[in-house]
Amino acid sequence: MATINQNYLKLPGSYLFSEIARRVSAYAQANPDKKLIKLGIGDVTRPLAPAVTQAMHKAVDEMATGEGFHGYGPEQGYEFLRQAIAQHDYAARGVDIAPDEIFVSDGAKSDCGNIGDIFGVDNVVAVCDPVYPVYVDTNAMAGRAGDYDGESQHWSKLVYMPCTAENGFSPAIPQEKVDLIYLCFPNNPTGAVASREQLERWVAYANANDAVILYDSAYEAFITQPDIPHTIFEIPGAKTCAIEFRSFSKTAGFTGTRCAYTVVPKELVRGGASLNSLWNRRQCTKFNGVPYVVQRGAEAVYSPEGQAQVKETIAYYQRNAQVIREGLTRAGLTVSGGVNAAYIWVKTPEGMGSWEFFDLLLEQANVVTTPGAGFGPSGEGYIRVTAFGDQQATQEAVARIVSVLG
């Protein structure tokens, strides 16, 4: 008889955003006359930049010719895109990352989950709390998380690092020794950032303990404060202890187009093995690469026209974040985030539970948010609001919430 991976049976309920979709669908079907505004799932709403679509049209035309056709491409990504990434995202910031340390993929979410393939199941894993669910669920699927306790909402083998208002939503270094450390800055869901000094402490810890930092930097384009690092590789010593994940999804609107990349430095060695070589082996075995047309579109993000157009779109979402942050603050809510990220972390009023406040806003304001409890125990008592919506709809959503709370 075929057996199954028992770790999947330990996963609690459904994936957070699937549960949100289920509740929203049920409400919409029962109330077809209600106009819902969705500020929950962090999907973008602005179209791809003209420079990107022009490059993709040109690439499609190439594919229609014998001499311009591209079949299987390199699993690691085309050299033209890896070179552009190395130059614009790293060298421009004084960071030396070689093109062959960059692996182009179909999403940071995929890579954050798949990176576990190159690590043993006996590693002790540390995650922030609240946390992006993929970090936890994929380690549970692999058997690194142990058993799930529904009462505490904790996995027995994971080390949870609370991120609360008291510590500025930035985790403290664990007291116990850990092997894999998931960090996300600017943070999803809280919108918090890490200072240079904080990242220096993490890098020092990882190098001293032979740990590996798995650094999700998918939202770095939204950083506005000049002293906040955009990449962990700005920190001396990071190339011997860190892997970084980046994405074109929120930066350039590729959520439906799918393109991202992961940086695995050649200096990163554990157990005598090069993690760069291991990740390359994994990708060559399990991944056939991102389509040529998509990679040409991603390359165009780095053109002068592309940079200007993408920055304009990012500014659009940043204005949304300001509207949400200021509007909900005026409504008497305690708000954080939304300065260096497109997520606003909102404390629920009067001790109300996350899902309770989610339901209240859905039913009375017809606004969809994300309950903080879905991101882990420390997320209880909060909701996450995204600034990736339409500008007019965002303004209306804030007005509705203010009206309900008033």
Side-chain angles (χ1 to χ4, degrees), residues 37-60 80-81 83-93 104 107-108 185-188 191 193 216-231 245-261 290 293-328 337-344 384-399:
I37 299 177
K38 297 181 180 180
L39 300 181
I41 294 176
D43 196 2
V44 296
T45 53
R46 302 298 295 163
L48 292 170
V52 170
T53 56
Q54 288 165 13
M56 294 176 74
H57 278 297
K58 181 179 178 182
V60 168
F80 61 78
L81 180 55
Q83 288 278 5
I85 292 168
Q87 176 59 41
H88 292 273
D89 288 348
Y90 294 98
R93 294 193 174 276
V104 179
F185 293 111
N187 185 260
N188 178 15
V193 291
D216 187 347
S217 186
Y219 302 95
E220 64 80 28
F222 291 88
I223 294 174
T224 58
Q225 294 174 294
D227 56 338
I228 299 298
H230 284 246
T231 166
F245 308 96
R246 289 277 192 99
S247 174
F248 292 94
S249 285
K250 307 303 165 47
T251 301
F254 276 54
T255 53
T257 308
R258 310 311 302 149
C259 194
Y261 64 88
V290 175
V293 172
V294 172
Q295 292 195 53
R296 281 299 186 190
E299 179 194 27
V301 169
Y302 297 107
S303 69
E305 299 82 5
Q307 284 289 282
Q309 293 160 4
V310 166
K311 287 177 181 176
E312 183 179 340
T313 298
I314 291 171
Y316 178 98
Y317 295 134
Q318 288 171 328
R319 288 192 293 272
N320 280 351
Q322 183 178 0
V323 167
I324 296 168
R325 189 175 67 248
E326 293 179 354
L328 298 188
V339 176
N340 296 290
Y343 293 124
I344 297 86
R384 189 194 75 176
V385 184
T386 173
F388 288 118
D390 171 80
Q391 202 164 76
Q392 185 174 349
T394 297
Q395 292 170 349
E396 182 179 345
V398 171

Report yes or no: does [X] contribute a side-chain atom to a donor-acceptor pair with the main-chain N or O of [Y] at less than 3.5 Å?
| X | Y | answer |
| --- | --- | --- |
| Tyr219 | Ala342 | no |
| Glu220 | Thr231 | no |
| Lys250 | Gly42 | yes |

Partner residues of Phe245 under the ring pair (Phe, Tyr, Trp, His ring centres under 6.0 Å) criterion, sequence neighbours left out =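 Ring pair (Phe, Tyr, Trp, His ring centres under 6.0 Å) list for Phe245, sorted by chain: empty.
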
Output all residues satisfying ring pair (Phe, Tyr, Trp, His ring centres under 6.0 Å) with His88, sequence neighbours left out; order by chain, then residue number.
->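 Tyr302.
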
Test of understanding: with side-chain hydrogen bond (donor to acceptor under 3.5 Å, both in side chains), list the residues that count as partners of [X], not counting sequence neighbours.
| X | answer |
| --- | --- |
| Asp216 | Tyr135 |
| Glu326 | Gln322 |
| Thr394 | none |
| Gln225 | Asn340 |

Is there side-chain contact between [X] and [Y], with at least one heavy-atom pair below 4.5 Å?
| X | Y | value |
| --- | --- | --- |
| Thr386 | Tyr343 | yes |
| Gln307 | Val301 | yes |
| Ser249 | Val44 | no |
| Arg384 | Asn188 | yes |

Nearest heavy atoms of [X] and [Y], plus distance in Å:
| X | Y | answer |
| --- | --- | --- |
| Cys259 | Val104 | SG-CG1, 3.9 Å |
| Gln295 | Val290 | NE2-O, 2.8 Å |
| Ala252 | Val310 | CB-CG2, 4.1 Å |
| Val52 | Ala300 | CA-CB, 4.0 Å |
| Ala393 | Ile37 | O-CD1, 3.4 Å |

Write out all pairs satisfying side chain to side chain donor-acceptor pair (under 3.5 Å) with one or both partners inside residues 41-59, taking only residues at least two apart or from two chains.
->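 Found Asp43-Thr255.
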
Listed by chain and number, what are the side-chain contact (heavy atoms from CB on, under 4.5 Å) partners of [X], not counting sequence neighbours?
| X | value |
| --- | --- |
| Ala341 | Pro186 |
| Ser303 | Ala51, Glu305 |
| Thr257 | Leu48, Met56, Phe254, Val294 |
| Gln318 | Phe222, Thr224, Ile314, Ala315 |

What is the distance from atom [atom1] of [X] to atom [atom2] of [Y], rounded to the nearest 0.5 Å?
| X | Y | atom1 | atom2 | value |
| --- | --- | --- | --- | --- |
| Ile85 | Arg246 | CD1 | CZ | 9.5 Å |
| Ile324 | Leu39 | CD1 | CG | 5.5 Å |
| Gln391 | Tyr317 | CD | OH | 10.5 Å |

With sequence neighbours left out, what residues match Glu299 under salt bridge (charged side-chain N to carboxylate O under 4.0 Å, His left out)?
->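 Salt bridge (charged side-chain N to carboxylate O under 4.0 Å, His left out) check on Glu299 returns Arg296.
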
